[in-house]
Structures are given as C-alpha cells and as structure tokens.
Amino acid sequence: MAEYDTEVSDDPLFILRHSAAHLLAAAVTELYPGTRYAGGPPVENGFYYDFDLPRPVGEDDLPAIEARMAEIVRRGDPFEQVLLPHAEARRRFQELDQPYKLYWLEQKASDDELVSCYRTGSFFDLCRGPHVASAAEIRAFKLMRVAGAYWLGDERNRQLTRIYGTAWFTREELDDYLHALAEAEKRDHKRLGRELKIFALDERTGLGNVIWLPNGATIRRELERWIVDEELARGYQHVVTPAVARLDLYRQSGHWERYRESMYPPMRTERGEELELRPMNCPHHILVYQQEIRSYRDLPLRIAEIGTNYRWEKSGELMGMIRVRSFALNDAHIFCTPEQLHEEIVGVIELARYFMETLGVTEYRYRLSVRDPERMGKYVGSDEEWANAEAALVGALEALGVEYELGRGEAAFYGPKIDFQVRDAQRREFTNSTVQVDFQMPERFGLEYVAGDGSRRRPVMVHRGAFGAMERMIAYLIELYAGAFPTWLSPVQVVVVPITDANLPYAHTVTERLRGHRVRVELDDRPERMGRKVAEARDRRVPYVLVVGAREAEAGTVSVRDRAGEQTTERLEDFCARLLAEIARRR
RNA sequence: GCCGACGUAGCUCAGCCGGUAGAGCAGCCGCCUCGUAAGCGGCAGGUCGUGGGUUCGAGUCCCACCGUCGGCUCCA
C-alpha cells in the first residue's frame with residue numbers, strides 16, 4: 001500500500017491519528033538527526049510512520065520518543081500548511097536530504113500546481129493534510145511497537161523502520177483500547193488451543209504442521225462429517241487422492257512455473273522419479289475428471305475432497321493454526337460449461353454462506369480478487385479469459401445483491417476469485433472461503449467433454465473452498481466462540497458430577513444413558529469436591545454439567561447447570577431429549 | 001526470508017549489581033465423601049532454547065544459531 005494514496009478523510013479521528021504520525025516523525029527527527037522519513041498514515045486504531053534511521057532503533061527507544069512527543073504536545077507546536085510551487089518544494093526536500101519525499105513529490109504532484117506541505121515545529125513534511133491545528137490537541141497516544149517495512153511494500157527494496165502507535169481523543173478511550181487488546185489476547189486461538197487441548201505445535205513435526213489433539217480432532221471430525229453430508233446433498237462427489245504426485249503433474253498445471261516458491265522441495269527416488277507434496281488439489285481432481293470420456297450430461301461435475309495441501313510458507317509467515325505449512329482444505333473443483341458457470345458460482349457462494357450462518361459467523365466481507373496490473377508476470381492466461389472470469393464472478397455477486405470490495409493483486413495465478421474475508425480476535429483480516437474461476441487448467445490439461453452435437457468442447461473449472469481450510473477455520477472459530485463451542489461441536493458435551501461416592505451408581509446410569517445416544521459425556525468420579533468439578537468443567541467450557549445426588553437418584557432427575565451458570569432440575573429423559581434436539585439443530 | 005521483542009518445570013511466572021535455581025497450577029501418592037467457581041498433606045519434576053565466548057564463577061554479560069510472538073513480504 002502506498003501511504004500517500006491513503007484516502008483523504010475528514011473523519012476527525014483519522015485526522016488526529018494522521019497528525020499523531022507527524023508528531024511521531026517530528027520527535028524522531030529531533031532525536032535522531034539525519035533521519036529520512038518515508039511516510040506515515042493513520043490506520044485502524046492508530047498510525048505509523050516509516051523511517052530510514054541513522055542508527056538502529058528498538059522498542060527500548062520508544063519511551064524516549066514518546067517523551068519527546070509529549071514535550072512537543074506541551075509546546076503546542078502548530079500544524080501549518082505551506083503551499084509551495086513544485087520547484088520550490090523540490091528544492092526544500094533536496095536541502096533537507098529527504099529522498100523518499102522527493103520520490104513522492106515526483107510521483108504525485110504535477111509541475112504546474114502548488115504542492116501542499118505541513119510544518120510542525122522543525123519537522124517539514126510533504127502532505128495533503130488535513131491536520132489538527134496544534135500538537136496540543138493530541139493528548140491520548142501510545143507507541144506500540146517497532147517493525148520492519150519494505151519501501152513501497154516491495155521486499156526487493158530497502159527495509160525501513162516502522163514505528164506503530166495508537167491515538168485517541170481521550171485518555172479513557174485509549175485505556176479502553178488497551179483493555180480491549182488484553183481481552184483479545186484471552187481469545188487468542190494459540191492460547192486457548194493449548195489451554196483447551198485442541199491442538200499442539202511441536203517443531204519436531206517440522207514448523208507449521210499441526211498436531212490435532214483429541215479435542216481438536218473431535219471438533220474437526222464433526223465439522224467434516226457435516227460438510228461432506230451437505231456437499232453430497234448438493235451434488236458433489238467426494239474423492240480421496242494422494243498427497244503426493246510426480247513433479248511433472250505440477251509442471252503441466254503451471255504450479256512449478258508460477259508457484260514454486262510456495263512448494264516443498266521435490267523428493268527424488270533412486271530411480272530418478274521426482275515426487276512433490278501437493279500444494280493444491282486441483283491437478284489431482286483433474287486426474288479424476290480424465291478417468292473417463294465426459295459428456296455434457298455429466299456436467300456440472302463437482303469433485304470434492306477434504307484434501308491436505310503442503311505449502312512452503314516462509315518461516316516468518318507462520319501464525320498458530322491460521323497460517324501453517326500443511327492444511328486440509330474443504331476443496332472442490334466444478335467442471336462445467338460456460339453456460340453453467342453463473343449458476344455454479346452462485347451455488348458455491350450460497351453454500352459458503354450457509355456454512356457461516358450455521359456457525360454463527362456474521363462478520364465477513366466479500367472481496368473480488370483480481371490481478372495486480374503492475375505485476376502481470378505472476379499470472380497465466382489471456383486478458384480476455386481473465387475478463388470473462390471476472391465478469392462471471394461479478395455477475396454472481398450482483399445476482400445475489402451483495403456488496404464487495406476489490407482486492408487488487410489478490411488473484412490466484414490461474415484466475416480471479418471471490419474471497420470471504422473474516423477477522424480474528426486481533427481484527428486481522430484473512431480469507432476463509434474462496435471461489436475461483438479458471439480457464440487455464442482445462443486448457444493446460446486439454447480437458448474436454450462431448451457436447452450434444454458430438455463435438456469436443458472445453459469445460460470451465462471453478463475452484464472453491466466453501467468452508468476453507470480446517471486449520472484456519474477452526475482457529476477462527478476458537479476465537480469467535482472464545483473457546484465455548486456450540487454444543488454440537490464441543491469436545492465434551494456433558495460432565496456428570498456425583499456429589500458423593502454413594503451417588504456413583506446413578507451417575508453411571510445417567511452417563512450410560514447419554515452415551516447410548518452418542519453424546520460425548522464424561523463421568524467425573526475423582527475423589528474431589530463437586531465445587532471443584534463444576535469449576536473445572538466451566539474452565540473447559542463444557543456446555544452442561546449434571547450434578548446428581550441422592551435427591552436426583554431418588555426422583556430420576558438431573559440438576560443441569562449450563563455455561564451461563566443457570567441451574568434447572570429436569571427429568572433425565574427430558575434433558576436428554578432437549579440435548580439431542582440442540583445437537584441435531586447444530587447449536 | 002527481513003525488522004523488533006521474547007525463550008527459566010507440562011502451563012503461568014519470580015529470580016536484585018554475575019556467587020552453580022523458586023512459587024502457583026497441572027502430575028503422582030495418601031487423607032477428606034462433600035449440593036453447584038477450586039478441601040488438606042506429602043512426593044516428584046529444570047542440561048535455565050542450543051552452541052560458543054568473557055569471568056575464579058554465567059539463568060544473569062557478549063556472539064552465533066534455533067524457536068515463539070508482533071510487523072513487513074507472501075497467503076487457505
């Protein structure tokens with residue numbers, strides 16, 4: 001993202017944060033003479049500024065920078081706009097030895113207009129503004145962290161030092177924000193995944209390869225059963241294909257050419273055969289397609305698989321279960337005629353929406369991901385095919401009447417796509433579900449079907465992950481539910497707590513009764529106090545605790561305690577019926 | 001991969017200016033039989049991420065590497 005491109009906004013909070021970025025730059029240039037400053041926009045919750053510094057700066061330096069910022073606030077330095085002729089502005093930034101600003105000046109300002117600059121104390125910046133009138137208005141801010149960021153967002157360029165901060169109108173808002181950050185940390189799937197024994201990461205499996213513990217495996221199995229059932233009901237055919245293939249398969253698909261840096265190094269056998277862990281499932285599903293002559297009557301052919309993909313993500317890109325090196329994608333490839341394309345895309349979007357609605361996912365955005373016009377070498381296929389593919393996707397979005405944003409440079413190498421964007425507990429955005437239109441692979445593999453007139457035609461392919469990757473989606477769900485999964489997904493749905501050992505026989509009866517209905521139930525028969533057992537079940541986010549003592553055994557009831565702490569006493573049969581109904585309704 | 005921060009028991013964390021490691025929880029053993037948010041006692045558990053270096057002496061200081069977290073790049 002080019003900072004200078006940030007939309008000019010009249011939002012007072014954006015103006016405040018943009019001004020806070022200047023305040024930061026003013027403090028940094030005062031403290032470290034010789035600093036070259038590149039750019040600093042407001043962002044969600046705060047701001048940053050990128051610097052090329054004369055010496056390394058780390059987080060230890062932030063307090064001193066913050067103190068200098070506070071000093072400038074106390075001085076009340078005004079934010080003054082200065083309009084200069086282009087040549088004059090160029091001369092100023094040359095004098096100041098600010099090459100990054102000269103770059104922007106040449107990029108963004110034409111020769112014949114006045115250039116807008118801002119002065120804050122001794123700090124002079126190329127900037128359209130608007131800004132607050134005076135530094136005195138910036139009262140509630142905090143520097144958060146230091147990071148590296150490539151000039152112009154290109155890793156081939158020099159890496160600058162980016163300092164992030166947050167800024168608010170009032171001290172209270174700042175405190176609320178910091179508190180919210182701490183709360184978000186408690187929902188972190190990496191933390192909850194360990195506490196709730198859902199998954200483990202152990203470098204001995206190679207980085208970014210998830211160990212699914214029994215609880216996580218249960219959640220995943222429930223989801224997978226549901227997903228497969230729903231897809232079978234919608235005319236998908238599930239297959240199972242190998243996680244490896246000869247490298248030639250990926251040469252033909254174009255992966256080896258355009259996707260190599262994300263692939264594991266090939267394995268070579270003693271015969272010289274090159275085997276590759278699959279980074280995607282599409283070539284494998286093409287092999288399924290090619291096992292027989294396909295007729296137009298077979299189309300649309302929907303080949304599905306929850307297939308594990310292996311991708312060589314850079315080590316710094318790994319992130320818990322959200323970004324891993326092997327993941328199981330709820331994948332499918334739909335082979336269809338161009339005439340069927342629209343309906344198929346709509347069907348996929350509706351399926352993805354159904355999945356999310358059932359799971360209670362309400363906050364997501366649609367992104368139409370297209371090519372980056374400045375990096376066209378990353379893609380395969382003709383402009384015309386891309387235009388057709390994009391038109392098909394837009395047509396489906398419009399038919400469904402949904403709003404969407406444009407993701408420039410977010411397309412797959414073989415085609416454009418619609419991505420369903422969600423946010424984690426820390427508000428970071430990523431893709432779960434996706435629908436992609438592809439004219440390339442059918443071409444590369446020479447796919448055909450026999451049309452009604454006997455001619456051979458080329459099908460179109462739709463790649464889709466209607467649910468997304470199991471790892472990422474479950475990481476997302478852990479954070480969405482803060483670990484308290486709906487009952488149908490809860491690893492343990494009921495814990496039975498006898499009050500004393502004398503109640504054990506009845507507790508066993510209750511447990512067996514539920515287990516007979518395939519309820520995931522545990523009997524807590526440890527020699528502990530019931531208060532502790534209740535507390536531990538609460539910590540494990542178990543949906544129901546059934547306390548059974550002499551009264552319950554006598555009456556054939558159970559004392560039911562839910563996660564909200566609500567207690568009722570019900571006949572065992574009644575509780576069982578309502579529990580099964582809840583599970584059946586996927587709640 | 002790059003920038004920054006951080007790695008002490010299974011987990012969460014103490015450990016001062018260098019003087020050869022400590023707590024709570026979890027685990028194991030025993031006692032307590034108890035009505036809805038944590039009963040009591042005991043035991044065991046650590047090559048202080050790894051490898052070098054400085055020092056009479058390193059968990060503490062220095063260097064390299066590995067890993068984790070945040071950001072960049074990339075991405076399901």
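On a predicted model such as this, the values are computed, not experimentally measured, just so you know. Chain letters run A, B, ... following the sequence lines, proteins first and then strands; every chain starts at 1.
Of the N and O atoms on the side chains of A:Gln436 and A:Tyr414, at least one donor lies less than 3.5 Å from an acceptor on the other residue. Donor-acceptor pairing under 3.5 Å is lacking for the side chains of A:Arg325 and A:Tyr264. Between A:Tyr476 and A:Asn432, the side chains place no donor N or O within less than 3.5 Å of an acceptor N or O (distance only, hydrogens not considered). Defined by atom type and a distance below 3.5 Å, a donor-acceptor pair is missing between the side-chain atoms of A:Asn45 and A:Thr166.
We find that A:Arg464 and A:Glu344 are not joined by a salt bridge, their nearest charged nitrogen and carboxylate oxygen being 4.0 Å or further apart.
Comparing the P positions of B:rU68 and B:rA26 gives an interatomic distance of 29 Å, to the nearest angstrom. Straight-line distance between the P atoms of B:rC11 and B:rC69: roughly 14 Å, to the nearest whole Å. Here, B:rA44 and B:rG30 have their C1' atoms 15 Å apart, quoted to the whole Å. Spacing of C1' atoms, B:rG45 relative to B:rG24, comes out at 14 Å, to the nearest Å. Between B:rC62 and B:rA37, the distance separating the two P atoms is 50 Å to the nearest Å. B:rG10 sits 15 Å from B:rC28 when the P atoms are compared, rounded to a whole Å. As rounded to the nearest Å, B:rU8 and B:rG15 have P atoms that lie 13 Å from one another. Annotation: B:rG67 and B:rG51 have their C1' atoms spaced 15 Å apart (nearest Å).
Among the protein residues, A:Arg526 comes within range of no part of the nucleic acid, since none of its heavy atoms lies under 4.0 Å from any strand. Within 4.0 Å (heavy atoms only), A:Ala502 reaches no atom of the nucleic acid at all. Nucleic acid contact class of A:Gly320 (heavy atoms, under 4.0 Å, all strands): sugar-phosphate only. Within the nucleic acid shown, A:Glu429 has no heavy atom closer than 4.0 Å to any nucleic acid atom. Heavy atoms of A:Val324 sit under 4.0 angstrom from at least one base atom. Here A:Phe430 lies out of heavy-atom contact (under 4.0 Å) with every strand.
The side chain of A:Gln567 lies closest to B:rU36, out of B:rU68, B:rG70, B:rU36. Distances from the side chain of A:Val534 to the nucleotides B:rA37, B:rA76, B:rU33 place B:rA37 closest. You'll find that the side chain of A:Val146 is closest to B:rG4, out of B:rG4, B:rU33, B:rC72. Here B:rG71 is the nucleotide among B:rG71, B:rG67, B:rA76 with the atom lying nearest to any side-chain atom of A:Arg428.
Atom CG in A:Leu318 sits roughly 15 Å away from atom P in B:rC75 (whole-Å rounding). Here B:rG1 presents its C1' atom at 17 Å from CE of A:Met319, a figure rounded to the nearest Å. Residue A:Glu203 contributes atom CD, which lies 11 Å from atom C1' of B:rG7 at whole-angstrom precision. Per the geometry, CG belonging to A:Leu201 stands 13 Å off C1' belonging to B:rC69, to the nearest Å.
Put simply, the side chain of A:Gln436 and the base of B:rA76 share no donor and acceptor less than 3.5 Å apart.
In this structure A:Tyr177 satisfies the ring pair (Phe, Tyr, Trp, His ring centres under 6.0 Å) test together with A:Trp168, sequence neighbours excluded.
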Item checked: salt bridge (charged side-chain N to carboxylate O under 4.0 Å, His left out) between A:Glu410 and A:Lys417, intermediate numbers included -> CA-CA 8 Å; A:Glu410 303 288 349; A:Lys417 53 185 180 152; over 6 Å; no
Next item on the list: Just do the ring-ring contact (aromatic ring centres under 6.0 Å, His included) check on A:Phe141 and A:Phe47 with the steps written out, would you?
Entry: CA-CA 10 Å; A:Phe141 64 88; A:Phe47 60 90; 7.6 Å; no
What pairs of donor and acceptor atoms, side-chain ones from residues 547-560 of chain A against any protein atom, are under 3.5 angstrom apart with sequence neighbours left out?
residue, atom, partner, partner atom, Å
A:Glu552, OE1, A:Gly549, N, 2.9

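Helical stems in RNA chain B, defined as runs of 3 or more consecutive Watson-Crick or G-U wobble pairs with donor-acceptor distances under 3.5 Å: B:1-7 with B:66-72, B:10-13 with B:22-25, B:27-31 with B:39-43, B:49-53 with B:61-65.
Under 4.0 angstrom from either OP1 or OP2 of B:rG1 there lies at least one side-chain N or O belonging to A:Ser315. At the phosphate of B:rC74, OP1 or OP2 sits under 4.0 Å from a side-chain N or O atom of A:Arg375. A close approach under 4.0 Å does not occur between any side-chain nitrogen or oxygen of A:Tyr150 and OP1 or OP2 of B:rG1.
Within the cation-pi definition used here (under 6.0 Å to the ring centroid, within 45° of the axis), A:Arg541 does not qualify as a partner of A:Tyr481. A cation-pi arrangement is found for A:Arg162 relative to A:Tyr48, the charged atom lying closer than 6.0 Å to the ring centre and inside a 45° cone about the ring normal.
Stacking annotation: A:Phe327 is stacked on the base of B:rA76 (ring centroids less than 5.5 angstrom apart, interplanar angle below 30 degrees).
When the nearest nucleotides of RNA chain B are assigned to A:Asp501 and A:Ser262 by heavy-atom distance, the more 5′-ward of the two goes with A:Asp501. Nearest-nucleotide positions on RNA chain B place A:Thr161 closer to the 5' end than the other of A:Thr161 and A:Glu155.
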Next item on the list: Take nucleotides 38-47 of chain B nucleotide by nucleotide from the 5' end and write B, S or -, depending on whether a protein heavy atom sits under 4.0 Å from the base, only from the sugar-phosphate, or from neither.
Entry: BB--------
Notebook entry, point to check: When every nucleotide of nucleotides 9-14 of chain B is labelled 5' to 3' by its protein contacts under 4.0 Å (heavy atoms), B for base, S for sugar-phosphate only, - for none, what sequence of letters results?
Noted result: --SS--
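Between A:Tyr103 and A:Trp151, the two ring planes are perpendicular [angle over 60°; tilted spans 30° to 60°]. Ring planes of A:Tyr364 and A:Phe420: tilted class, angle from 30 to 60°.
Between the side chain of A:Arg187 and the main chain of A:Glu479, a donor-acceptor pair closer than 3.5 Å is present.
Between A:Ala20 and A:Ala167, the shortest heavy-atom distance links the atoms CB-CB, 4.0 Å.
In A:Glu374, the CD atom is not crowded: 12 or fewer heavy atoms of neighbouring residues, nucleotides or ligands sit closer than 6.0 Å. More than 12 heavy atoms of other residues, nucleotides or ligands shown are found within 6.0 angstrom of CD on A:Glu257.
Using a 4.0 Å cutoff on non-hydrogen atoms, the parts of residues 461-475 of chain A near RNA chain B are A:Ala469, A:Arg472, ordered by number.
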